[in-house]
**Student:** 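Let me give you the structure first, and then I'll get to my questions.
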Amino acid sequence: MSIRLYNTLTRQKETFKPADPQRVTMYACGPTVYNYAHIGNARPAVIFDLLYRLLASKFPNVIYARNITDVDDKINQAAADEGVSIDVISSRFTRAYREDMGALGVGRPTVEPEATAHMKQIIEMIQRLLEKGHAYEAENHVLFDVASFPEYGGLSRRERREMIAGARVEVAPYKRNPEDFVLWKPSGDDDPGWDSPWGRGRPGWHIECSAMSAAHLGEVIDIHAGGQDLVFPHHENEIAQSRCAHGRETFARFWIHNGFVTVDKRKMSKSLGNTLIVHELLKKWPGEVMRYVLLSAHYRQPLDWSESALEQARKTLDRMYATLRDAGPAPDTAGDLDPAIVEALEDDINTPTALAHLNRLTRELPNLEGNERQEAMGRLVASAGLLGLLQEDPAVWFRGRQEASGIDSEKIQALLEQRSRARKDKDFATADRIRDELIDQGIEIEDSPEGTRWKVISA
RNA sequence: GGCUAGGUGGCAGAGUGGUUAUGCAGCGGCCUGCAAAGCCGUCUACCUCGGUUCGACUCCGGGCCUAGCCUCCA
């Protein structure tokens with residue numbers, strides 16, 4: 001089976017065939033590092049991490065680049081607010097981003113280029129655009145001349161006329177056309193800036209992705225990914241810059257866009273102030289629970305984030321880990337991947353269907369014996385691994401939450417011993433009283449042939 | 001106004017021209033001193049109006065509703 005992906009360029013699912021199977025290239029728009037990532041930022045990180053794993057399982061050499069935007073006016077603002085230099089801000093939040101995404105099971109991409117480290121490439125690309133007549137200088141700015149690229153709007157399917165009619169922003173007077181966008185802008189004395197043929201300044205937002213993907217992946221790449229809100233104008237502008245600078249027919253062959261995370265059905269965004277910060281959520285919920293929630297809807301659909309979605313995911317993972325725990329020791333060798341799960345993921349990353357099959361494997365497991373059971377366990381763990389789930393030792397999974405809740409396990413243990421003595425004496429009133437006390441504390445107990453187990457139910 | 005996605009059972013959420021999604025919750029059973037957990041079984045669906053078809057939740061058209069983009073945004 002081959003991988004099929006929905007391509008925004010053609011608005012349909014297409015079979016993914018890399019230009020060069022020996023060197024598959026993928027670029028995803030990464031974070032602007034001026035504060036902590038919210039759960040809406042985490043969705044593409046998780047989804048494209050999964051896509052990368054999937055590609056890597058099929059092709060010998062996949063290069064995945066995810067940039068760090070460390071030149072941005074919001075970073076400047078944050079730095080000014082604290083009275084520190086921008087690299088203090090950007091390195092702090094770059095580190096936080098990697099930690100937080102790591103907690104969600106997101107691996108590091110092959111390359112993580114930073115804009116500040118690519119000023120030379122950015123300036124060279126702008127020069128090339130000027131030379132080819134696709135850009136012009138005006139009042140210390142360099143602007144991209146949209147009129148010079150007739151195919152502008154192809155990705156987002158917009159007509160230039162309509163864009164002008166619907167524009168809500170004031171048009172800078174030095175623009176030839178309202179839809180022209182900035183490649184380079186001047187920096188004031190207090191702003192961070194780099195020397196350029198057009199004076200001391202800094203790059204516009206779009207050019208860094210074009211320059212860095214060309215530098216690390218090549219002029220034409222297989223996949224370019226990002227959030228749906230980047231389709232216009234960011235990705236449209238990237239296409240214009242890259243194709244014009246390189247004189248190629250194509251920039252990215254496949255464009256993949258994820259849907260939004262919503263809260264109360266409204267898009268989670270910094271401007272609406274309804275963001276939930278991953279760094280904060282991790283204090284209450286295991287990263288794996290959040291990953292499960294993020295995978296529970298198809299990546300192109302909106303995903304409504306809620307406490308109940310988290311609880312449901314936690315319960316489901318509890319059941320899976322409990323099944324693994326009760327199934328005995330894990331097999332030594334890596335298991336085979338479940339074909340249905342692979343098939344679901346290869347069909348435009350259908351994670352809900354993949355999770356349904358993961359649940360099926362979990363359900364089947366207790367009914368199997370001997371070798372069959374060992375094989376099924378291996379298959380479950382290996383298949384879940386493709387999704388970045390169930391890689392924890394079950395004991396660690398359950399213990400982790402006890403530690404996080406700060407509960408004194410020795411005290412619990414003492415109460416449980418008291419209860420089992422009472423039960424032995426048929427003093428069920430006392431036994432049940434102890435159980436009720438524990439439930440009040442958010443502790444649930446389970447009697448099993450191996451003795452009484454307990455777990456934290458309220459996080 | 002232009003352009004995009006959607007409207008599925010109590011909730012979340014896949015999918016298909018005629019056959020069980022799955023999870024959580026509910027209900028019944030097994031198990032248990034009683035529970036919990038687990039297992040087995042089970043009830044609630046496909047926005048609306050037309051059309052195509054032997055047959056549509058699934059295809060086509062109209063309508064209603066929701067969200068998003070057109071400004072920084074994943």
**Student:** Which nucleotide, in any strand shown, forms a Watson-Crick or G-U wobble pair with B:G61, with both distances under 3.5 Å?
**Tutor:** B:C49
**Student:** If you assign each of A:P31 and A:R325 to its closest nucleotide in RNA chain B, which residue comes earlier from the 5' end?
**Tutor:** A:R325
**Student:** In whole Å, what separates the P atom of B:G50 from that of B:C57?
**Tutor:** 13 Å
**Student:** For A:Y27 and B:A74, give me the distance from atom OH to atom C1', rounded to whole Å.
**Tutor:** 14 Å
**Student:** Quick one: closest heavy-atom pair of A:A115 and A:D70, and the distance?
**Tutor:** N-OD1, 3.2 Å
**Student:** Can a donor-acceptor pair under 3.5 Å be found between the side-chain atoms of A:R435 and the base atoms of B:A35?
**Tutor:** yes
**Student:** Apply the side-chain contact (heavy atoms from CB on, under 4.5 Å) test between A:W454 and each candidate in A:R435, A:E444, A:Q413, A:E446; give the one that qualifies.
**Tutor:** A:Q413
**Student:** By the 4.0 Å heavy-atom rule, please label A:S271 as base, sugar-phosphate, or nothing.
**Tutor:** base
**Student:** With heavy atoms under 4.0 Å as the rule, sort A:L230 into base, sugar-phosphate or nothing.
**Tutor:** sugar-phosphate
**Student:** How is A:G226 classified with respect to the nucleic acid when contacts are heavy atoms under 4.0 Å: base, sugar-phosphate, or nothing?
**Tutor:** sugar-phosphate
**Student:** Taking B:A67 as the reference, what is the distance to B:G13 when you measure between their P atoms (whole Å, please)?
**Tutor:** 15 Å
**Student:** For the aromatic rings, using the six-membered ring if either is Trp, is the centroid distance between A:F251 and A:H224 under 6.0 Å?
**Tutor:** yes
**Student:** Could you tell me how far B:U32 sits from B:G17 if I compare only their P atoms? Round to whole Å.
**Tutor:** 48 Å
**Student:** What is the separation between atom CD on A:E236 and atom P on B:G2, rounded to the nearest whole Å?
**Tutor:** 20 Å
**Student:** Could you work out the separation of B:G10 and B:U44 based on their P atoms and round it to a whole Å?
**Tutor:** 10 Å
**Student:** Would you indicate what A:N367 reaches in the nucleic acid, counting non-hydrogen atoms under 4.0 angstrom: base, sugar-phosphate, or nothing?
**Tutor:** sugar-phosphate
**Student:** Give me the atom names and distance for the closest heavy-atom approach of A:A45 to A:R66.
**Tutor:** CB-NH1, 4.5 Å
**Student:** Base, backbone or nothing for each nucleotide of nucleotides 18-30 of chain B, written B, S, -, heavy atoms under 4.0 angstrom, 5' to 3'?
**Tutor:** ---BSBSS-----
**Student:** What string of B, S and - do you get for nucleotides 4-9 of chain B, 5' to 3', when a contact is any protein heavy atom under 4.0 Å?
**Tutor:** SS----
**Student:** Using atom C1' in both nucleotides, what's the gap between B:G18 and B:C24 to the nearest angstrom?
**Tutor:** 31 Å
**Student:** Have a look at A:D49 and tell me which of A:R291, A:R108, A:R43 forms a salt bridge (Lys or Arg N to Asp or Glu O under 4.0 Å) with it.
**Tutor:** A:R291
**Student:** Let's see if you can work this out: which of B:G15, B:C69, B:C72 has an atom nearest to the side-chain heavy atoms of A:K74?
**Tutor:** B:C72
**Student:** Under 4.0 Å between any heavy atoms, over every strand shown, what does A:A309 touch: base, sugar-phosphate, or nothing? Just pick one.
**Tutor:** nothing
**Student:** When you get a sec, tell me which of B:C72, B:G33, B:A74 is the closest nucleotide to the side chain of A:N258?
**Tutor:** B:A74
**Student:** Map A:D432 and A:K455 onto RNA chain B by nearest heavy atom, then report which one ends up closer to the 5' terminus.
**Tutor:** A:D432
**Student:** Does the protein touch nucleotides 43-48 of chain B at the base, only the backbone, or not at all? Give it as B, S and - per nucleotide, heavy atoms under 4.0 Å.
**Tutor:** ------
**Student:** Counting distance alone, no hydrogens or angles: does the base of B:A35 have a donor or acceptor under 3.5 Å from a partner atom on the side chain of A:D447?
**Tutor:** yes
**Student:** May I have the distance from A:R158 (atom CZ) to B:G1 (atom P), rounded to whole angstrom?
**Tutor:** 16 Å
**Student:** Which value, in whole Å, describes the distance between the P atoms of nucleotides B:G28 and B:A14?
**Tutor:** 31 Å
**Student:** What's the gap between B:C47 and B:G6 when it is taken at their P atoms, as a whole Å value?
**Tutor:** 14 Å
**Student:** Taking the P atom in each of B:C64 and B:G41, what is the distance between them to the nearest angstrom?
**Tutor:** 46 Å
**Student:** Could you check A:N350, A:T351, A:I349, A:L355 and say which one makes a side-chain contact (heavy atoms from CB on, under 4.5 Å) with A:T353?
**Tutor:** A:N350
**Student:** State whether A:K267 places a side-chain N or O below 4.0 Å from either non-bridging phosphate oxygen (OP1 or OP2) of B:C69.
**Tutor:** yes
**Student:** Rounded to the nearest Å, what distance is computed from the NE2 atom of residue A:H234 to the P atom of nucleotide B:C70?
**Tutor:** 13 Å
